[in-house]
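These notes concern the structure reproduced below.
Basis for what follows: all heavy atoms, side chains included, without hydrogens, waters or symmetry-related copies. In what follows, chains are A, B, ... by sequence order, proteins preceding strands, each numbered from 1.
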Amino acid sequence: MRNSMHHQAGFSLIARVLHWLMALMVITMLFVGAGMVATVSERHAWLLQLHKPLGITILLLVIVRIGVRWAHGTPPLPSDLPLWQRLAAKLSHLALYALMLAMPLIGWTMESAGGYPVILFDGVTLPALVEASPGLYSTLRFMHTWLAYTLFLIVQLHLAAALFHVLVRRDSVMPSMSTGPLPGAKRSKG
Amino acid sequence: MTRKLSKPPYLFLRLGSIAVALIIMATAFAYVSGWLDPQRLTPDRIINTFEANAGIHEGYRRNHAKGICVSGEFVSNGNATGLSRASVFERGRRVPVVGRLAVPGPNPVIADGKPLVRSFALRFSLPGGEEWRTAMNAMPVFSVSTPQAFYEKLEASKPDPETGKPDPRKIAAFFAAHPETQAFRDWAKTAQRSSSYANLAYNSLNAFRFIDASGNVQVVRWGLVPEAPFTPIRDAQLKNPDFLYSELQARLEQGPLRWHLVVTVAGPGDPTDDATKQWPDSRRKVDSGTLTIKRMQDQEHGACRDINYDPLILPEGIEGSDDPLLSARSATYSESFNRRAREQAEQPPSSASTDDAHDDSQETQS
Ligand code: HEM
Ligand code: HEM
Ligand code: HEM
């Protein structure tokens with residue numbers, strides 16, 4: 001990583017905007033997905049109509065975001081952070097990126113394998129990524145559910161960790177993602 | 001470099017608020033998923049009830065389980081272009097169609113003579129990857145107008161463990177509690193079974209919205225009107241539990257079968273959200289083109305097997321209406337499809353043999 005370039009210890013503006021925008025979108029998607037398969041009311045139809053374009057938007061944004069991260073790097077974690085917490089942070093961020101990429105790709109492939117037209121909105125239908133196949137469909141459909149639950153769990157841990165930094169450690173982790181780079185600011189406290 | 005973490009004041013309060021935040025989020029998720037709300041009508045519950053009533057027939061649809069795949073094409077005559085801008089209606093447009101003729105009920109081996117209702121589902125493959133899917137029944141009105149009533153009817157038709165048949169008192173009680181079923185019951189009392197799939201008219205029953213080139217909306221229902229004249233079932237046919245199959249085969253050997261796709265436009269005040277109510281006969285009807293069916297295949301191997309005829313898969317120019325059955329059908333067909341696709345992948349059903357063990361409980365199902 002190019003951390004060394006980032007003495008000002010914060011995420012770039014674009015990284016922060018993408019983080020909060022996508023956090024909102026991903027959490028919305030988890031609730032929309034869970035809600036739409038658990039009702040027969042009119043909500044089912046309009047939540048599904050929201051689910052697909054929002055999911056594909058996440059796919060596009062996460063690609064941009066991975067590019068931004070590659071270009072700008074990340075600020076270092078507080079130097080006094082125990083090793084296991086560093087590892088947990090790295091691994092969970094990796095998992096979040098992987099799932100933000102995988103979930104919409106699975107959704108799109110799954111719909112193709114189920115023989116469904118992948119309708120984003122009126123008149124805009126995405127091409128099928130694979131041939132229709134019930135076997136592939138049911139595998140992907142299973143993964144779509146269980147990876148969504150995994151994503152929800154990791155988001156919960158991520159939220160817990162963020163709040164821990166804010167409320168207990170009171171260090172620079174949240175500012176690095178909220179207010180961003182402060183001139184001359186150091187990432188770790190003290 | 002390492003610094004001892006200074007203990008913040010009210011540490012427990014701080015940790016506690018983190019826990020509260022997580023619990024709130026997890027509870028909201030559980031609620032939305034229906035886990036805290038067992039009363040909610042979910043696709044799962046409806047499909048579980050089908051399975052509880054009829055057992056699991058692996059790989060088959062949970063309703064309209066017995067059917068035949070057919071294929072052919074639709075040729076538009078251009079008459080409906082003024083109603084909908086969907087490309088399927090452009091004058092002279094030919095689109096390939098994969099269809100499925102079926103009888104209602106969850107039993108894939110029910111004798112063909114038993115069910116009163118029959119059905120026709122179609123998938124039109126439009127240019128640009130668009131599709132129009134529709135699943136129609138040969139009846140003038142649907143039995144119920146809400147998903148809740150559909151579910152209650154399903155519950156009421158649960159076979160009695162003693163007799164193996166639905167309890168007629170429960171069915172009667174259901175009908176008594178649901179006066180909206182009257183039109184359907186009146187029809188069912190006098191309706192005749194036909195000798196064939198080919199000589200029946202099939203109706204969308206649910207209403208849809210047609211959007212024309214300038215964005216004007218018309219509420220419509222559509223249906224297939226057969227070219228073959230209606231003839232009632234013959235006694236000899238009843239001896240063959242799969243007579244609909246052999247009859248169709250014999251007809252197709254003679255040549256293709258045709259239906260006209262007729263669109264009925266709602267008048268002011270016609271109910272758009274109630275499939276138990278017919279619209280007056282005087283409503284404007286537009287014959288939009290001809291469906292020609294040329295080939296058939298058994299459903300275990302045919303192209304219709306892996307299609308979910310979700311009535312809300314619609315091309316640009318057609319939208320769902322405010323009929324609450326539509327969303328329920330979409331959600332429930334998907335759950336049925338998920339289960340049968342999984343079973344299909346694990347163990348494809350080879351071929352069903354007809355049994356007569358099942359009684360006529362499906363008579364009035366739809
Ligand atoms: C629920 C509220 C959320 C809060 C309070 C929050 C907070 C934070 C904070 C403070 C960081 C900086 C961590 C560091 O300095 O290394 C961060 C990073 C990150 N967050 Fe969130 N986040 C939230 C939701 C989400 C969601 C829903 C996702 C996506 C699924 C997400 C994905 C990420 C990723 C991938 C990183 C690592 C960024 C990188 O290293 O490039 N966050 N978050
Ligand atoms: C970040 C991206 C996504 C997330 C977090 C997400 C999440 C979910 C969740 C939680 C469910 C409910 C699963 C269940 O309870 O069984 C679901 C279902 C579904 N998702 Fe997604 N999804 C995403 C992207 C997509 C995309 C891009 C598509 C399609 C283009 C898609 C199509 C579907 C469909 C069709 C269902 C319901 C299938 C059914 O009726 O059985 N998803 N999704
Ligand atoms: C809430 C009400 C309804 C429920 C819960 C319901 C349920 C079902 C289910 C579970 C299937 C099997 C789907 C599959 O596995 O592909 C099915 C098939 C079907 N339903 Fe319904 N249905 C409802 C209303 C209607 C109505 C109003 C019609 C009338 C047009 C209708 C016509 C059909 C047809 C024609 C099929 C067979 C489609 C095929 O051949 O694949 N259903 N229904």
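Once rounded to the nearest 0.5 Å, the distance linking CZ of B:Arg340 with OG of A:Ser138 reads 12.0 Å. Atom CZ of B:Phe29 is separated from atom CD of A:Gln156 by 9.5 Å, given to the nearest 0.5 angstrom. Atom CD in A:Gln49 sits 7.5 Å away from atom CD in B:Glu319 (nearest 0.5 Å).
Using a 30° and 60° split on the angle between ring planes, B:Trp35 and A:Tyr149 fall in the perpendicular class, above 60°.
For chain B, no part of A:Leu157 is nearby; none of its heavy atoms comes within less than 4.5 Å. In this structure, no portion of A:Val124 lies under 4.5 Å from any heavy atom of chain B.
The choice from B:Ser17, B:Ser334, B:Gly34, B:Pro324 that makes the most heavy-atom pairs within less than 4.5 Å of chain A is B:Pro324. Residue with the most contacts toward chain A among B:Pro147, B:Gly129, B:Ser330, B:Pro43: B:Pro43 (heavy-atom pairs, distance under 4.5 Å). Residue with the most contacts toward chain A among B:Ile46, B:Asn308, B:Asp44: B:Asn308 (heavy-atom pairs, distance under 4.5 Å). Looking only at heavy-atom pairs under 4.5 Å with chain A, the residue among B:Glu131, B:Met25, B:Arg40 that has the most is B:Met25.
Within the 4.5 Å cutoff, the side chain of B:Pro8 has heavy atoms near those of the A:Val168 side chain. Considering only heavy atoms from C-beta on, A:His44 stays 4.5 Å or farther from B:Leu312 through its side chain. Here the side chains of A:Pro117 and B:Arg133 are in contact, with some heavy-atom distance below 4.5 Å.
With B:Glu316 contributing its side chain and A:Asp122 its backbone, the two residues share no donor-acceptor pair below 3.5 Å.
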Passes side-chain contact (heavy atoms from CB on, under 4.5 Å), B:Arg342 versus A:Phe142? Steps please.
CA-CA 9 Å; B:Arg342 188 175 59 236; A:Phe142 177 85; over 6 Å; no
